[in-house]
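Here's the structure we're looking at; comments come further down.
Every chain is numbered from 1 and lettered A, B, ... according to where its sequence line falls, protein lines coming before strand lines.
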Protein chains: 2
Amino acid sequence: MRRRKPNKDLSDLLAADIRAGVYSPGSWLKQIDLQRRYDASRSEIRKSLETLFTKRIIRYEPNRGYYVHREDGAATDEIRDIRIMLETSAAEVMVEKVQQDQINGLYTLAQRFVDQIRSDKIMEIYETNIAFHTALLATSGNASLVDLISELRLRTPPAPASQWSSYARIEKSGQEHFAMVDALADKDAARLKAVIRAHIAQSDN
Amino acid sequence: MRRRKPNKDLSDLLAADIRAGVYSPGSWLKQIDLQRRYDASRSEIRKSLETLFTKRIIRYEPNRGYYVHREDGAATDEIRDIRIMLETSAAEVMVEKVQQDQINGLYTLAQRFVDQIRSDKIMEIYETNIAFHTALLATSGNASLVDLISELRLRTPPAPASQWSSYARIEKSGQEHFAMVDALADKDAARLKAVIRAHIAQSDN
DNA sequence: GTGCTCAATATTGGCACCAATTCAGCAAAT
DNA sequence: ATTTGCTGAATTGGTGCCAATATTGAGCAC
């Protein structure tokens, strides 16, 4: 039985486990099992399941329970298109509002990402990637946007870092990160948009 | 005590009541009161409250409960900007994918809206407005996008139809609806974007 | 009157149990 | 062999109760 850190929200933990593939797609999330696994109360479990259902990370059928979403290609594409719309639109705001210290921070994160590629700590690479994209979006000054994209990212198929397509693709991602920061520093919205679109369309990140 | 239709989801009903101003901003949503008012079980209430919290329609403090969100001007502006990003981006897809029968349907809805302006059934006008915008977005072919915007609309301050700014503004909205359909029929993405941006920026809809 | 302590009160959150529902397996009938 | 119907098991969802927590108000010292 895994003990859970008191501060960490249970629904986040559950979402991370789903994303990590602990529960196979289509399998039922039985409340009793979860209760034991996370050492949580029944109400906590019910609450977390309802949260994840509202966030569309899992599905629900009355009197049957919650189960892990079977990947739906069409919906995944739609979410990806939405992210492209949002992040390319945000690019215009970003070039206007970005501050020099934010650009410096982004360079740092982009560099950390490429530095980590050689190590095979996939989870760390994944997290640095997220951190980069979050910091990039934050330069738009729209906190709600940052939150929204984070949620959308979780709706995406549960098979992220664990099976990143290829080493070459990760390298390319690293380069694209730098390309984004460069375009941002040059305040070249069109170029930034183009890079972001291509980057998300690959949909590894 | 209000009885609830079995088919209607309780959280939607609650959200509608919050939006309609049944609960004043900042007031606590006491579980016992809700239980009585909606003739629901305690678990149903807890579930719905958690749903609305996840959707950011209400707030929550542990051991204190859920309460109606006090309007936050900054966040409202951010959501509005996000909607502008999404709906103007979608405009490009819309002009590509729209079908003739959808254009006809949009004209019908736009006409219904202006027809209803004279009647003072504000709730119906509000619903027609929503129906129009939903149908407009649907022409993008992205169902997830339609859902997402619906959710974003609910996050917006709880004071919508009940106090629509002015009669003149509603008339203007009606005209803008037609302008949108015209631009869409002409497949003029730039014009469509401009109208949508102006329309949402007024943020009455 | 002001500030402090402490008890009374109200509300949420957790728990154990029970009812309701669904499902799998199996047997009987066609 | 397929269908139908039944029964038992597993699971969710509802209920009542109680503990934990927060709020309120009264009493009291100063």
Side-chain angles (χ1 to χ4, degrees), chain A residues 1-18 21-70 72 158, chain B residues 1-18 21-70 72 158:
Chain A
M1 180 190 320
R2 188 210 299 214
R3 295 273 157 179
R4 133 190 73 96
K5 297 176 194 166
N7 262 347
K8 182 76 176 168
D9 189 75
L10 177 60
S11 72
D12 290 338
L13 185 54
L14 230 182
D17 281 350
I18 290 171
V22 173
Y23 310 95
S24 56
S27 64
W28 292 99
L29 297 167
K30 293 178 210 161
Q31 297 181 4
I32 295 184
D33 294 347
L34 299 177
Q35 222 173 321
R36 279 199 277 263
R37 175 175 239 273
Y38 298 104
D39 188 34
S41 71
R42 188 68 162 263
S43 4
E44 265 184 305
I45 295 290
R46 285 181 187 172
K47 199 189 229 188
S48 295
L49 287 171
E50 181 58 27
T51 299
L52 297 187
F53 169 68
T54 305
K55 289 186 176 178
R56 307 188 193 231
I57 294 174
I58 58 179
R59 294 248 166 121
Y60 169 72
E61 287 178 24
N63 287 318
R64 300 251 283 139
Y66 301 83
Y67 61 97
V68 179
H69 186 194
R70 276 220 161 72
D72 177 345
Chain B
M1 180 191 318
R2 189 209 301 212
R3 296 272 156 178
R4 129 189 74 97
K5 297 176 193 166
N7 263 347
K8 181 78 177 169
D9 190 77
L10 177 59
S11 72
D12 291 337
L13 185 53
L14 230 182
D17 281 350
I18 290 171
V22 173
Y23 309 94
S24 56
S27 63
W28 293 99
L29 296 166
K30 293 178 209 158
Q31 297 181 3
I32 296 184
D33 293 347
L34 299 176
Q35 221 173 325
R36 280 199 275 263
R37 174 174 238 273
Y38 299 102
D39 188 35
S41 71
R42 188 69 161 260
S43 3
E44 261 185 307
I45 295 292
R46 285 182 187 174
K47 197 191 230 185
S48 294
L49 288 172
E50 181 59 27
T51 300
L52 297 187
F53 170 68
T54 306
K55 288 186 177 176
R56 306 184 194 236
I57 294 174
I58 59 179
R59 296 247 165 120
Y60 168 71
E61 287 178 24
N63 288 317
R64 299 251 284 142
Y66 300 82
Y67 61 97
V68 179
H69 185 192
R70 276 220 160 72
D72 178 344

Determine to 10° how strongly the helix from C/dG1-D/dC30 to C/dT30-D/dA1 is bent, judged from the axes of its five-pair ends.
-> 10°
On DNA chain C, which is the earliest and which the latest nucleotide, 5' to 3', with an atom closer than 4.0 Å to a heavy atom of chain A?
-> C/dG14 to C/dC23
For B/Thr51 and B/Leu10, what are the C-alpha separation, side-chain angles and deciding distance, and is it a side chain to side chain contact (heavy atoms under 4.5 Å, CB included)?
-> CA-CA 10 Å; B/Thr51 300; B/Leu10 177 59; over 6 Å; no
Between A/Gln31 and A/Tyr66: side-chain donor-acceptor atoms closer than 3.5 Å =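 No, because no side-chain N or O of A/Gln31 sits under 3.5 Å from a partner of the opposite role on A/Tyr66.
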When every nucleotide of nucleotides 10-18 of chain D is labelled 5' to 3' by its protein contacts under 4.0 Å (heavy atoms), B for base, S for sugar-phosphate only, - for none, what sequence of letters results?
-> -SBBBB---
Around A/Arg42, counting heavy atoms of other residues, nucleotides and ligands shown, do more than 12 lie under 6.0 Å from its CZ?
->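 Counting other residues, nucleotides and ligands, CZ of A/Arg42 exceeds 12 neighbours.
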Should B/Arg37 and B/Asp17 be marked as a side chain to side chain contact (heavy atoms under 4.5 Å, CB included) after you check the CA-CA gap, both sets of side-chain angles, and the distance that decides it?
-> CA-CA 11 Å; B/Arg37 174 174 238 273; B/Asp17 281 350; 3.4 Å; yes
Determine the interplanar angle of the B/Tyr38 and B/Tyr23 rings, folded into 0 to 90°, and report it as parallel if under 30°, tilted if 30 to 60°, perpendicular if over 60°.
->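 Ring orientation, 0 to 90° scale: tilted.
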Among all residues two or more places apart in sequence or in another chain, which pass the side chain to side chain contact (heavy atoms under 4.5 Å, CB included) test with A/Arg64?
-> A/Trp28, A/Glu61
Listed by chain and number, what are the side chain to side chain contact (heavy atoms under 4.5 Å, CB included) partners of B/Ser43, not counting sequence neighbours?
-> B/Ser41
Mind running side chain to side chain contact (heavy atoms under 4.5 Å, CB included) on A/Ile32 and A/Arg36 for me, showing each step along the way?
-> CA-CA 6 Å; A/Ile32 295 184; A/Arg36 279 199 277 263; 3.4 Å; yes
Can you name the residues that form a side-chain hydrogen bond (donor to acceptor under 3.5 Å, both in side chains) with A/Ser11, not counting sequence neighbours?
->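 Expected list: A/Asp9.
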Compare all side-chain heavy atoms of A/Ile58 with those of A/Leu14 and state whether any distance is below 4.5 angstrom.
->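 No. Closest side-chain heavy atoms not under 4.5 Å.
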